[in-house]
Trainee: 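Right, I'll just put the structure down here and ask away after.
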Amino acid sequence: MPARATRSSNHTYADRVHDVRLNGKPVGELGLNAGLAGVHRVPVALVSGDSALAAEAKDLLGDGVATVVVKEA
């Protein structure tokens, strides 16, 4: 399955992982790393990346997470 435009794993897992789901919901690199942080009770306070990642962060983590858009997707 190709990487989704809004759920990307291009940096770390592009050629090894084709689909990741948490609680049945497809997630990309952000969701996978946020889930791992959550297992260790580490909150995600800031997400920096393109506009698609910022939107994904708000959708996945809620309005409490701060986002910094450094480029447009």
Side-chain angles (χ1 to χ4, degrees):
M1 177 182 287
R4 291 170 191 80
T6 59
R7 305 277 191 252
S8 178
S9 297
N10 294 338
H11 291 104
T12 311
Y13 312 105
D15 62 341
R16 291 181 177 83
V17 178
H18 300 283
D19 188 43
V20 175
R21 293 176 183 266
L22 295 176
N23 297 326
K25 183 177 182 177
V27 296
E29 192 171 348
L30 169 68
L32 187 60
N33 291 328
L36 180 60
V39 166
H40 296 283
R41 298 181 184 264
V42 176
V44 177
L46 173 69
V47 174
S48 174
D50 64 24
S51 56
L53 182 67
E56 181 182 350
K58 294 289 186 181
D59 179 53
L60 183 66
L61 303 171
D63 290 329
V65 66
T67 58
V68 176
V69 176
V70 297
K71 69 177 183 176
E72 294 300 317

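Throughout, residue positions are numbered sequentially from 1 according to the sequence presented. All figures in this text were calculated on a predicted structure; none of them were measured in a lab.
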Trainee: Considering all heavy atoms of both residues, which atom of Gly31 and which atom of Leu60 are nearest to each other, and what is their separation?
Mentor: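 Gly31 and Leu60 have their closest heavy atoms at CA-CD2, 3.4 Å.
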Trainee: Provide the closest heavy-atom pair for Pro26 versus Arg21 in the form atom of the first, atom of the second, distance.
Mentor: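 Taking every non-hydrogen atom into account, CD-NH1, 3.6 Å.
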Trainee: Taking only distance into account, with no hydrogens and no angle test, what donor-acceptor pairs under 3.5 Å do side-chain atoms of residues 45-53 form with protein atoms, sequence neighbours excluded?
Mentor:
unit_1, atom_1, unit_2, atom_2, d
Asp50, OD1, Ala52, N, 3.2
Asp50, OD1, Leu53, N, 2.8
Ser51, OG, Glu72, OE1, 3.3
Ser51, OG, Ala73, N, 2.9

Trainee: Restricting to non-hydrogen atoms, name the atom on Ala37 and the atom on Val44 that form the minimum distance, rounded to 0.1 Å.
Mentor: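 Where Ala37 meets Val44 most closely, the heavy atoms are CB-CG2, 4.5 Å.
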Trainee: For Lys58 versus Val65, what's the shortest heavy-atom pair and its separation?
Mentor: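 Heavy atoms of Lys58 and Val65 come nearest at NZ-O, 2.7 Å.
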Trainee: With distance as the sole test, does Asn33 use its side chain to make a donor-acceptor pair with the main-chain N or O of Glu29 at under 3.5 Å?
Mentor: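 Present.
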Trainee: Please name the pair of heavy atoms, one in Leu22 and one in Gly35, separated by the smallest distance, quoted to 0.1 Å.
Mentor: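 Where Leu22 meets Gly35 most closely, the heavy atoms are CD1-CA, 4.4 Å.
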Trainee: Please tell me whether Val69 and Leu61 are part of a single hydrophobic cluster in this structure, the criterion being side-chain heavy atoms less than 4.5 Å apart.
Mentor: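 Result: no, two separate clusters.
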Trainee: Connecting only ILVMFWY residues whose side-chain heavy atoms lie within less than 4.5 Å of each other, what is the rest of Leu36's hydrophobic cluster?
Mentor: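 Members besides Leu36: none; it forms no cluster.
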